[in-house]
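Everything below concerns the one structure shown next.
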Amino acid sequence: MEQHNTATPHVLPLSLYFTVAGTLFVLTGITVAVSFVHFGEFNIIVAMLIATIKASLVALYFMHLKYDNKLFMAVFLSSLIFLGLFLTLTMTDTMHRGDIDPIKEHPIKKEAIIYDK
Amino acid sequence: MEQAEKHPSYLQHHFADMAQQTDAAKLGMWVFLVTEVLLFGGLFGFYTFFRAWYPEMFMEAHKYLDVTMGTTNTFVLITSSLTMALAIRAMQLGKKKQTIAYLAGTLFFAAVFLVIKYFEYSHKFHMGMLPGKFYTFEGIQAANPHIFFSVYFTMTGLHGIHVIIGMIIITWVMIRTMRDEFSPEYYNPIELTGLYWHLVDLIWIFLFPLLYLIG
Amino acid sequence: MSVATTANYLNAEKGIKSWLFTLDHKRIGLMYLFAVMTSFFLGGVFALLIRLELLHPGQDFFTADTYNQLFTLHGAVMIFLFIIPAIPAALGNFVLPLMLGAKDVAFPRLNLASFYIYVVGALFALYSIVAGAVDTGWTFYTPYSTTTSTSVISMTMGAFILGFSSIFTGVNFIATIHKMRAPGMTWFKMPLMVWALYATSIIQVLATPVLGITLLLLVIERTVGIGIFDPAMGGDPVLFQHFFWFYSHPAVYIMVLPGMGIISELVATFSKKKIFGYKLIAYSSLGIALISFLVWGHHMFTSGQSEFSSMVFSFLTFFVGIPSGIKMFNWLATMYKGRITFEAPMLYTIAFMFLFAIGGFTGIMLGAISIDIHMHDTYFVVAHFHYTMMGGTVIAFLGGLHYWWPKIWGRMYNEKLAKVAWAFIFVGFNVTFFTQFFLGSQGMPRRYYNYLDQYQPLHMYSTYGSWMLGVGFLIMAYYLIYSIYKGPKAPNNPWGALSMEWQTTSPPIQHNFEDQPVLEHEPYDYDTRMVVNDELIKKEDVKEKEDINV
Amino acid sequence: MDPNGSLIFPSQVSTIAPEVDALFDFILYLSIIFFILVVGGTFYFAWKYRKKGEDTFTKDLSHNNMLEVLWTVIPTILVFIIFVWGFKSYMKMTIPPDTSMEIKVTGQKWFWTFNYAEGATTTNELVVPVNQPVRLLMSSNDVIHSFYVPNFRTKMDVLPNRYTQLWFEATETGEYNLFCTEYCGKGHSEMIGKVKVLARADYDAWLAGAGNAGANMKPEEFGAKLYKDKACFTCHSIDGSPLVGPSFKGIFGRTEKMTDGSEITADENYIRESILEPQAKVVQGFQPIMPTYQGVLKDEEIDALIAYFKTLK
Ligand code: HEA
Ligand code: HEA
Ligand code: CUA
Ligand SMILES: [Cu+2]
């Protein structure tokens with residue numbers, strides 16, 4: 001069996017929580033600021049990068065992943081991996097429909113019928 | 001049950017000791033969080049596929065979301081996460097009053113989040129930026145803007161439902177804290193509630209830039 | 001009801017309440033067993049009606065609409081109400097803690113909750129029958145499902161709720177297997193059934209939420225018209241198929257993996273031989289679970305998905321065949337130089353090998369894109385999936401049911417009748433579904449209530465076969481129910497098996513074991529351990545004896 | 001069963017069919033070998049090692065690396081071959097040759113319409129010349145259907161608001177079944193048609209005549225033919241019994257209630273409108289599910305239908 005390490009609670013210092021929260025605020029500020037600058041395709045990468053850092057901070061410190069059983073980390077990461085697989089494999093379809101015959105790439109009518117009126 | 005003497009009341013009969021019980025509960029919670037991630041994952045999928053199909057439309061439609069409100073809500077939710085973490089810390093140290101205060105704080109910020117969302121929603125409703133076939137807004141030129149609002153409303157809607165569920169659970173553990181059910185030896189339910197609440201925050205951390213900041 | 005004079009989980013507490021509010025995994029397992037068997041018979045009656053209509057071409061007994069509702073209900077009931085919970089939630093619930101030497105699953109309350117969630121989901125599904133029945137097929141393809149006037153919403157909500165029941169079972173089992181194993185039971189000393197349930201739980205947890213969101217969106221699409229799946233609204237119906245199969249392909253391994261786990265137990269027990277390639281079987285369960293997430297697109301070769309996508313999915317599909325093959329070969333090798341007896345569970349094991357091989361090979365045929373283009377949505381596919389689901393999972397389930405029956409009730413069933421029923425089921429099954437391979441490859445499309453005359457003879461045989469199946473199941477129902485009341489008392493370990501569930505009484509006592517059991521030998525140590533008349537004989541102790549030698 | 005086909009397959013009538021069948025046979029033989037190995041082995045061991053006397057301990061045979069590698073590697077190699085083979089034929093099925101002629105296919109509940117570049121339109125009957133690659137450009141007007149000709153071993157879903165394509169080259173003249181294989185509701189099992197493969201000369205003659213079919217028929221006879229050809233019969237009876245739609249018996253001059261409460265007497269104009277814009281006025285007691293025949297029926301064909309209706313007293 002895995003070793004148990006929760007017999008006595010692992011108390012983190014207050015300052016750590018505030019530092020993390022502070023960093024999260026700052027990163028939120030940065031990501032909003034950056035969104036007003038136009039890097040084109042790059043914007044999404046920056047925004048997702050910052051979001052990922054923020055999410056990791058929440059998971060590692062607020063959710064104690066850094067200190068808890070490493071199994072939990074593996075469990076959590078597995079969800080992201082499988083989500084990634086789902087998106088990637090579906091995109092082998094959605095991004096490649098016109099590969100052989102361009103006529104198949106787009107819908108016949110661009111606008112939905114609700115605009116027909 | 002039969003060996004009640006050596007079992008504290010909060011240790012269930014089928015576990016050998018507290019460590020086993022706590023660890024099992026946490027593992028169970030994490031596995032459940034995995035299912036939450038994948039539940040939202042489906043919606044993130046929609047976002048991804050439709051954004052790739054209609055990039056200009058997303059670009060144009062997202063401008064109608066209110067960045068100020070979104071940003072405020074991000075701050076609010078992060079703060080609520082902080083208070084939640086602090087509530088757990090307080091209970092680890094046995095400070096019951098503090099725990100209750102922090103939980104109340106978390107509830108407060110969750111409520112603020114919902115109120116702001118309410119204003120955002122009602123504004124959208126008013127403008128006719130409704131999902132799918134109810135969409136009547138005419139300001140967006142690119143094709144099929146109603147899809148963007150379908151994605152927006154399903155994603156934030158499901159997230160909002162999670163906030164509400166979270167608030168119910170937090171209220172419940174708060175009552176249990178008041179009833180003195182927890183101690184530094186046993187505060188598992190608060191911890192699990194915390195995990196859930198942080199996940200709700202975590203999802204918002206991705207929703208916010210995807211919907212409000214990059215279109 | 002129960003035999004034993006001593007207290008056990010069946011008679012420890014009395015009254016309906018002691019069942020409805022029980023937290024005992026054994027009782028919850030039994031309630032599940034009752035529920036899934038009811039569902040199976042319900043689904044089976046639908047199946048017999050389908051076959052009845054197909055006896056002759058043209059409209060005989062049902063209108064097109066009724067027929068469409070029949071196969072939808074047959075599929076949905078069999079999949080969501082029967083086969084997904086059948087092995088994990090019913091048998092698995094009963095035996096998992098026993099096999100681990102634990103008192104219960106990790107979260108008994110969640111366990112009970114998931115049973116009631118199942119009941120609520122089932123009520124939704126049943127309500128849809130009353131409220132105008134669903135006619136979409138169990139696959140709910142859009143835009144048909146968003147435009148038909150039948151009660152799609154209650155059925156999808158039912159499936160959505162059932163999904164949560166399945167998720168909670170998965171969560172529970174994962175925590176149980178990680179945290180509740182008896183002292184000494186390391187990962188590689190667990191019975192293979194446990195490995196199989198573990199792999200199954202992983203799939204349940206990772207795949208089911210995606211089905212949940214898909215069905216939820218379908219409901220929203222029908223009620224609010226968000227248009228994500230509806231081409232008229234700018235949505236994409238093929239996307240629905242991706243979402244649906246991302247769950248439903250892994251789901252077929254939710255069905256078959258626990259079945260394979262049962263077969264691993266049975267083949268070792270009835271060959272009295274150490275399982276061959278333990279680690280490989282254990283890993284192949286995980287392997288199948290992992291790969292199963294990568295192949296869903298093989299249901300969509302003709303759907304209009306990109307050619308590139310078809311290529312990727314076809315390629316990946318074949319890799320499921322490898323771990324499945326590994327298992328089959330290892331079972332075969334386990335029988336080699338064994339000491340094989342032929343009680344009903346072993347007969348089901350042999351039937352499994354026979355039928356699942358056919359199901360699997362035809363799966364490989366379908367995985368080859370050019371062949372699938374011809375076979376897709378014909379009876380060839382229908383035959384394939386009945387060979388895997390019925391011939392694989394259901395047969396394994398029946399094997400497990402007979403195997404653990406004495407443990408569950410403390411009573412033996414009638415072995416002779418069991419063999420007769422087995423023969424009816426085995427022969428009837430092949431008559432029903434082998435014919436359908438020919439129907440399919442000759443071009444007979446599925447979901448047709450009316451067909452061209454040229455397909456008549458084969459359809460007729462198929463229908464006759466389904467009646468044989470019906471007879472087989474009636475016999476089984478008879479002797480199983482009879483045995484609960486009148487069967488002879490079962491010993492604690494009627495099969496001489498070595499895993500932990502046999503070390504407690506039959507039926508087990510309320511908290512499973514008198515004391516916390518400690519693993520003394522591995523589950524398949526038949527080279528050094530033997531149980532005769534509930535008595536464990538160790539090889540060390542009988543060295544001198546001459547007649548018991550290697 | 002197809003008298004010209006084998007036990008397993010209907011006769012091969014397209015260039016791709018032999019290739020599909022060959023791969024199938026290959027996997028079939030492989031499967032039989034493995035089946036004999038695994039299931040034959042099971043039966044053999046079951047008999048050979050059946051319990052013969054006293055209980056005994058058994059041998060400790062718990063693994064054998066050589067064997068385990070073998071039964072991992074050999075199937076892997078085999079499935080790889082199968083994949084490449086299957087994929088190659090698939091690419092052939094997918095990419096139409098440049099010399100293909102094109103026909104537009106429309107699927108709708110519950111019939112097929114074929115539009116030829118030369119102007120001919122047929123329903124539920126696809127007529128093609130032999131030894132000529134044909135490319136079908138397909139779309140649906142309502143739900144998903146699927147175009148399937150078993151003799152050609154080819155199939156493709158037909159989606160609303162999107163084009164899909166399918167091509168084949170028929171190698172023998174004759175009449176072959178055409179099925180809809182994507183479940184599409186009530187009429188799914190009736191959504192079947194024919195593919196007529198004609199010799200080149202016959203095809204040309206047919207095409208020349210198809211443009212003015214019914215030219216040498218009386219209007220009511222032509223109407224009766226259209227009633228069958230254009231699949232009206234799937235929803236409308238002529239004996240008075242309501243199906244999905246109202247019966248045509250006595251329709252002309254009948255006074256009917258509409259869902260909006262108004263009353264209408266069925267005259268030429270109303271019938272024409274019902275055919276071209278079915279949703280404009282919906283008869284009470286029926287669903288608004290009749291497909292439009294705009295672009296499918298020409299004016300003189302509608303006239304013929306009306307003439308035919310007048311005879312249905
Ligand atoms: C328990 C359920 C179950 C199982 C286990 C399987 C197992 C497999 N299935 Fe099946 N399948 C279904 C249930 C199942 N399936 C259902 C329900 C559908 C249709 C749903 C619907 O449309 O309604 C379906 C449909 C389906 C399709 C789509 C058909 C279509 O609609 O056009 C395909 C295509 O690739 C496929 C492939 C496979 C493969 C490759 C396996 C493999 O896992 C098989 C692996 C096993 C073996 C290969 C045998 C043992 C191996 C050896 C002895 C080694 C030697 C082997 C080789 C050399 C190859 N299945
Ligand atoms: C676990 C899954 C499972 C199981 C066990 C079965 C079992 C059976 N199935 Fe089913 N089937 C599906 C899952 C399953 N099926 C699915 C998913 C579909 C696709 C649906 C769709 O297209 O959407 C399908 C579709 C399907 C079709 C195709 C319909 C069509 O496409 O038009 C047919 C046709 O023969 C069929 C037949 C049978 C038969 C004869 C049995 C038999 O094995 C049943 C045996 C059981 C009994 C016989 C019941 C017990 C006995 C009695 C109750 C006897 C007493 C009663 C009387 C004598 C009246 N099934
Ligand atoms: Cu059209 Cu089935
Ligand atoms: Cu599959």
Side-chain angles (χ1 to χ4, degrees), chain C residues 64-65 137 141 143-144 231 237 272-274 276-278 280 302-304 307 311 314-315 318 321-322 325-326 328-329 332 335-341 350 353-354 357 361 364-365 368-371 373-374 376-377 441-443 445 447-450 454 526-528 530 532 539 547-548 550, chain D residues 1-2 8-10 20 23-24 27 31 35 38-39 41-42 45-46 49-51 54-63 68 71-72 75-76 79 82-83 86-87 89-90 93-94 143-144 146 148 150 153-157 159-162 164 177 179 181-186 188-190:
Chain C
D65 278 331
Y141 274 15
Y144 187 75
K272 292 292 173 306
K273 222 174 115 251
K274 191 166 226 164
F276 191 89
Y278 175 96
L280 224 54
T302 68
S303 70
E307 294 77 11
M311 177 190 79
S314 168
F315 181 71
F318 291 114
I322 313 299
I326 289 176
M328 302 231 14
F329 288 121
L332 179 63
M335 291 171 72
Y336 176 67
K337 297 215 163 162
R339 188 171 56 65
I340 300 168
T341 52
I350 293 172
M353 299 282 275
F354 186 101
F361 291 139
I364 296 292
M365 293 169 181
I369 319 182
S370 64
I371 298 178
I373 299 281
H374 175 62
H376 175 72
D377 269 348
S441 59
Q442 290 284 354
R447 297 171 171 175
Y448 267 31
Y449 86 109
N450 178 12
Q454 55 175 328
Y526 293 102
D527 52 336
T528 57
M530 186 160 79
V532 180
K539 194 173 182 185
D547 51 355
I548 303 179
V550 184
Chain D
M1 225 101 314
D2 188 338
I8 297 177
F9 284 114
V20 174
L23 175 57
F24 182 89
I27 307 181
S31 302
F35 189 79
V38 178
V39 183
T42 306
F45 286 170
Y49 300 111
R50 68 194 184 278
K51 177 179 174 182
E54 276 290 288
D55 289 332
T56 46
F57 295 109
T58 47
K59 281 224 167 72
D60 175 18
L61 297 165
S62 61
H63 57 273
E68 288 175 39
W71 64 51
T72 311
T76 311
V79 293
I82 297 173
F83 162 71
F87 179 63
S89 318
Y90 172 67
M93 286 177 187
T94 310
V143 299
I144 304 178
S146 190
Y148 175 41
R153 313 282 189 275
T154 183
K155 171 184 298 139
M156 189 67 209
D157 281 12
L159 299 161
N161 203 25
R162 240 185 89 190
T164 51
N177 292 323
F179 295 119
T181 46
E182 182 62 63
Y183 174 66
C184 52
K186 187 171 176 162
H188 174 53
S189 16
E190 254 78 43

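A note on names: the letters A, B, ... follow the listed sequences, proteins ahead of strands, and every chain is numbered from 1.
Using a 4.5 Å heavy-atom threshold, the side chains of C:Pro143 and D:Ile144 count as touching. D:Trp71 is not listed as a side-chain neighbour of C:Met328, based on a closest heavy-atom distance of 4.5 Å or more.
When heavy atoms are compared at a cutoff of 4.5 Å, C:Pro237 approaches chain D solely by way of its side chain, counted from C-beta outward. Proximity to chain D (any heavy atom under 4.5 Å) is restricted, for C:Ile322, to the side chain, taken from C-beta onward. At a 4.5 Å heavy-atom cutoff, the contact between D:Glu190 and chain C is made by side-chain atoms alone. Of the atoms belonging to D:Ile27, heavy atoms from both backbone and side chain fall under 4.5 Å from chain C. Contacts of D:Tyr148 with chain C are made by side-chain atoms alone, with heavy-atom separations under 4.5 Å and no backbone atom involved. Both the backbone and the side chain of D:Thr72 come within less than 4.5 Å of a heavy atom in chain C. Both the backbone and the side chain of C:Ile373 come within less than 4.5 Å of a heavy atom of chain D. With a 4.5 angstrom heavy-atom cutoff, D:Val39 touches chain C only via side-chain atoms. With a 4.5 Å cut-off on non-hydrogen atoms, D:Met93 touches chain C through its side chain but not through its backbone.
Rounding to the nearest 0.5 Å places OG of C:Ser370 at 11.0 Å from CZ of D:Arg153. The OH atom of D:Tyr90 lies 14.5 Å from the CD1 atom of C:Ile371; values are rounded to the nearest 0.5 Å. Between atom OG of residue D:Ser31 and atom CE of residue C:Met365 there is a gap of 4.0 Å, rounded to the nearest 0.5 Å. Between the OG1 atom of D:Thr42 and the CG atom of C:Leu332 there is a distance of 5.0 Å, given to the nearest 0.5 Å. For the atom pair CZ of D:Phe57 and NZ of C:Lys274, the computed distance is 12.5 Å after rounding to the nearest 0.5 Å. Atoms NZ and NZ, from D:Lys51 and C:Lys272 in turn, are 7.5 Å apart once rounded to the nearest 0.5 Å.
Checked against ring pair (Phe, Tyr, Trp, His ring centres under 6.0 Å), C:Tyr336 has the following partners two or more places apart in sequence or in another chain: D:Phe45, D:Tyr49.
Here the closest heavy-atom approach between residue D:Phe179 and residue C:Gly443 is recorded as CE1-O, 3.4 Å. Smallest separation of non-hydrogen atoms from D:Ser189 and C:Asn450: CB-O, 3.5 Å. Between D:Ala46 and C:Ile350, the shortest heavy-atom contact is CB-CD1, 4.2 Å.
Under 3.5 Å, the side chains of C:Thr302 and D:Asp157 contain a donor-acceptor pair of N or O atoms. Side-chain contact annotation: C:Tyr449 with D:His188, donor-acceptor N/O pair under 3.5 Å absent.
For the options D:Ile82, D:Asn161, D:Thr94, D:Val79, heavy-atom pairs under 4.5 Å to chain C are most numerous at D:Val79. When the candidates C:Gly325, C:Gly304, C:Ala357, C:Ala368 are compared by the number of heavy-atom contacts under 4.5 Å with chain D, C:Gly304 comes out ahead.
The ring of D:Phe24 has its center no closer than 6.0 angstrom to the ring center of C:His374. Outside the 6.0 Å centre-distance limit, the rings of C:Tyr141 and D:Tyr183 are not counted as a close aromatic pair. Between C:Phe315 and D:Phe87, a ring centre-to-centre spacing not shorter than 6.0 Å is recorded.
The backbone N or O of D:Ile8 lies less than 3.5 Å from a partner atom in the side chain of C:Ser441, making a donor-acceptor pair. Of the possible donor and acceptor atoms, none in the side chain of D:Lys59 sits under 3.5 Å from a partner among the backbone N and O of C:Asp527.
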>> Before you tell me yes or no, could you show the steps for D:Glu182 and C:Asp377 under side-chain contact (heavy atoms from CB on, under 4.5 Å), namely the whole-Å CA-CA distance, both residues' side-chain angles and the distance that decides it to 0.1 Å?
In response: CA-CA 7 Å; D:Glu182 182 62 63; C:Asp377 269 348; 3.5 Å; yes

